[in-house]
Amino acid sequence: MDVFLVQPPIGGAQADLTPPLGLLMLAAGLERDGRRAHVIDLNLEAKAGRLDGKKSLRTQFVQALPKRSSQIGLVGISAWSYNFALVMEFVEAVKKKHPRVPVVIGGPHVTFVDKDVLERFEDVDLVLRDEGDLTLPRLARALAEGGAPSALEQIPGLTWRRGGQVVRNPSGPVVDDLDALPYPAYHLLDLREYVSRQPVLLLEAGRGCPYNCNFCSTTNMFQRKYRVKAPARLVDEVEWLMQRSGRNRFELLHDNLVANKAYVKDLCRELRRRNLDVEWSCTSRPDNMTEEVAEEMFVAGCCSVFFGVETLSAERQQWTGKRCKPPLVEQAIAVTARQHITPSVGIIVGFPDESEAEFDATVGAAARWTSDPRVKAEVSTAALRFYPGADLFAQADRLRYDEAASRDVAALPGYALREEWRALTRLFPLHAIHTPPDETRTNLIRRNYVRTLLKACPQAFRGALELLGWTPRRLFDAMAAARPPAFLEAPGKETTWNDTLRALGAVLEGPAPAPAHPDAAAMVLELFACEVPFFRTLPLAPPLERFEHVVHDKRWAQDELLAYAQRRREAPPGPAAPAGLQLLAVRVGPECLVWFTPEPGRVLAAFERSWAHDRAGTAAFAAGLRRGLV
């Protein structure tokens with residue numbers, strides 16, 4: 001039997017692309033059981049520009065499978081809440097072309113809405129709930145032998161139909177012995193397409209989070225028992241994938257790896273014992289991290305740790321069920337940065353009953369973490385949503401379809417949820433939302449502002465807060481009033497960045513609430529010009545066939561200006577040296593080259609010569625620059 005495992009597009013940035021590890025693990029289990037497995041990654045096709053959300057998805061999707069139904073024994077599809085609409089588009093395309101081929105869906109989303117799916121969509125034959133490592137091979141075997149009801153009813157976690165009635169088999173136990181699972185079937189993919197866009201490869205370290213945040217489905221999907229691969233087994237897998245891929249940068253997946261500090265120390269010792277040249281990242285609760293553990297991790301090659309912070313409000317922490325004390329958040333980020341590990345931080349915008357002070361504290365801290373050269377945190381921002389399997393989903397009756405929320409989660413640019421599916425808010429909960437339309441728009445606007453400012457201009461954002469007297473919420477309200485954003489109607493990075501950065505520029509060139517110095521506004525504008533030199537025209541340009549330049553005055557010494565804006569220096573910055581220094585920026589696309597020079601004309605002429613001699617090389621150099629001042 002040939003089993004085709006499919007990952008539909010999942011959205012996100014173009015560079016946000018990794019191999020579909022879950023499907024590769026399932027494929028390995030199928031192969032061990034004697035099946036021929038194939039992995040089809042439509043997320044890669046979408047990120048590579050080979051899928052068009054404005055054209056017929058049925059036609060594009062069905063081309064991913066063999067033409068003859070006899071060549072397909074089973075189609076298995078991975079479903080997440082944010083791509084379930086495209087999952088169903090794919091199912092309908094498959095069933096129209098191959099009506100007799102069985103289709104099974106698995107993953108966190110359908111695990112908790114399995115009966116709803118089978119009752120509403122007759123094209124879905126089966127839902128395999130929970131962890132499928134052991135049950136998918138059993139299902140494939142049963143179907144290969146004819147799919148008798150007596151065989152199907154023996155498969156734990158299977159939801160299926162018998163005589164038109166939906167049958168829900170009891171769930172089975174979680175996979176306790178993760179060491180017994182085969183290595184992921186990475187041989188089924190061409191890794192070059194992935195690492196050319198994102199150099200990080202994924203390996204599973206373990207499963208199960210002992211905590212229970214109300215917005216997260218992990219606890220109900222993988223249960224609360226902390227399970228991990230033995231350190232030697234996991235490092236064997238790291239070595240194996242290093243040899244296979246020629247890469248040494250890995251994400252060790254576990255929802256809370258550092259919950260067991262003794263295990264993490266043993267893992268680090270095993271990595272050091274083998275003297276591997278490897279860089280890796282993982283996830284931790286902030287209050288699990290200690291100086292001792294962070295030091296061990298750094299010495300063993302850890303380069304980044306993700307902390308789900310969500311909020312710096314003690315009251316919101318209680319509301320989420322996370323109950324992580326804000327001082328311990330600050331401590332974890334400081335400890336991690338002190339050990340030369342990048343803190344990666346997740347925050348949530350739009351908590352119910354969140355006060356202005358609570359919002360400002362969380363966003364202000366994020367601005368501080370990203371702009372401080374001693375921390376250099378990376379911050380991701382999400383709006384609060386209700387996911388199946390999360391405790392909050394008990395309130396799913398509050399969900400209503402919202403056009404802005406739906407566009408916001410479109411897993412393929414240009415895709416719009418079908419009219420007939422919009423009332424099915426339990427099945428498509430991310431195309432719906434629990435807040436009124438005006439509040440939804442405000443939350444999405446603020447989230448996009450936070451995302452953009454922390455990436456594009458963290459120093460100017462911090463300066464606006466520290467030197468001009470703005471608070472985050474009041475700054476965002478002023479930005480939206482100065483230049484109403486269009487990105488909710490036309491989502492995309494270029495629109496979002498240009499709307500946001502033009503709006504910030506308009507506010508910074510206006511009056512400030514409480515300047516800390518008579519020249520504070522000019523100082524922050526200078527920082528903004530360093531980070532976003534073309535803020536008065538088109539802040540983020542597409543790839544250009546020509547080069548563009550802009551010149552700004554440079555009045556203050558850069559190091560002193562940064563320290564003053566970050567409040568690491570009490571005295572205002574001194575003048576830039578030498579006298580007459582200017583800021584020259586040149587671009588041929590999204591990224592800019594910036595010089596501080598007293599002779600911008602001379603530097604510009606040199607760039608013009610480079611452009612005339614080697615246009616492609618000059619453009620590639622500019623495109624490869626790392627954004628940021630610190």
Side-chain angles (χ1 to χ4, degrees), residues 330 333-334 337 360-361 363-377 379 449-450 452-479 482 500-536 539 550-585 592 594-600 603 627-630:
E330 296 281 9
I333 291 170
D360 290 342
V363 175
R368 174 164 42 82
W369 297 329
T370 53
S371 61
D372 190 332
R374 299 162 297 186
V375 178
K376 297 184 180 179
V379 175
Y449 282 170
V450 176
T452 304
L453 299 184
L454 294 181
K455 285 183 170 61
C457 55
Q459 304 301 335
F461 183 29
R462 174 91 179 268
L465 305 181
E466 299 282 4
L467 299 184
L468 302 184
W470 288 106
T471 62
R473 183 174 289 190
R474 293 181 183 181
L475 175 63
F476 297 159
D477 289 348
M479 289 167 58
T500 301
L501 298 173
R502 283 168 166 162
L504 180 62
V507 171
L508 294 182
E509 292 189 299
H517 184 275
D519 288 326
M523 292 176 187
V524 176
L525 267 176
E526 184 168 305
L527 284 174
F528 192 41
C530 292
E531 295 177 302
V532 189
F534 294 87
F535 70 89
R536 290 193 176 100
V550 66
V551 176
H552 299 276
D553 289 335
K554 185 77 181 82
R555 294 176 56 185
W556 289 280
Q558 185 69 7
D559 289 346
E560 295 180 7
L561 177 58
L562 285 168
Y564 186 58
Q566 296 161 7
R567 287 314 203 201
R568 294 184 290 111
R569 171 191 172 97
E570 291 187 9
L581 198 65
Q582 292 185 298
L583 182 157
L584 168 67
C592 305
V594 175
W595 290 269
F596 299 153
T597 172
E599 300 179 282
V603 176
R627 174 171 292 277
L629 295 183
V630 295

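- In this structure, CG on D519 lies 11.5 Å from CG on L525, to the nearest 0.5 angstrom.
- No side-chain heavy atom of L454 sits under 4.5 Å from any side-chain heavy atom of V363.
- Side-chain contact between P513 and R474 is absent, with no heavy-atom pair separated by less than 4.5 Å.
- A heavy-atom distance below 4.5 Å is not found between the side chains of L467 and H517.
- Other residues, nucleotides and ligands place more than 12 heavy atoms under 6.0 Å from the CZ atom of R569.
- Minimum heavy-atom separation, K554 to L561: NZ-CD2, 4.3 Å.
- E531 places a side-chain N or O within donor-acceptor distance of the main-chain N or O of Q459, the cut-off being under 3.5 Å.
- Residues R555 and D553 are not paired through a salt bridge, judged by the lack of any N-O separation under 4.0 Å between the basic side chain and the carboxylate.
- The CG atom of L581 lies 13.0 Å from the CH2 atom of W556; values are rounded to the nearest 0.5 Å.
- The shortest distance between side-chain heavy atoms of P533 and V594 falls below 4.5 Å.
- A side-chain donor-acceptor contact under 3.5 Å links T370 to the backbone of A367.
- For the pair C457/L501, a side-chain contact is recorded, criterion being any heavy-atom separation below 4.5 Å from C-beta on.
- Using a 4.5 Å heavy-atom cutoff, the side chains of V603 and P600 are not in contact.
- Here L508 contributes atom CG and F528 contributes atom CZ; the two are 6.0 Å apart, rounded to the nearest 0.5 Å.
- Just one residue in the list R567, Q566, R568 forms a side chain to side chain contact (heavy atoms under 4.5 Å, CB included) with Y564, and that residue is R567.
- In terms of heavy atoms, P578 sits closest to P598 at CG-CG, 4.2 Å.
- Ring pair H552/F535 is parallel by interplanar angle, where below 30° counts as parallel and above 60° as perpendicular.
- Residues R462 and S371 come closest through the heavy atom pair NH1-OG, 2.8 Å.
- Listed here is the closest heavy atom pair of P472 and G364: CG-N, 4.0 Å.
- Here the closest heavy-atom approach between residue A516 and residue E466 is recorded as CB-O, 4.4 Å.
- Distance check, rounded to the nearest 0.5 Å: CZ of F596 to CG of L583 gives 5.0 Å.
- Between E330 and R368, at least one side-chain nitrogen of the basic residue sits less than 4.0 Å from a carboxylate oxygen of the acidic one, meeting the salt-bridge criterion.
- When all heavy atoms of L475 and V507 are compared, the pair lying nearest together is CD1-CG1, 3.8 Å.
- Atoms CZ and CZ, on R536 and R502 in that order, are 13.5 Å from each other to the nearest 0.5 Å.
- Side-chain atoms of E526 and Q558 form no donor-acceptor pair, as typed in the model, at a separation below 3.5 Å.
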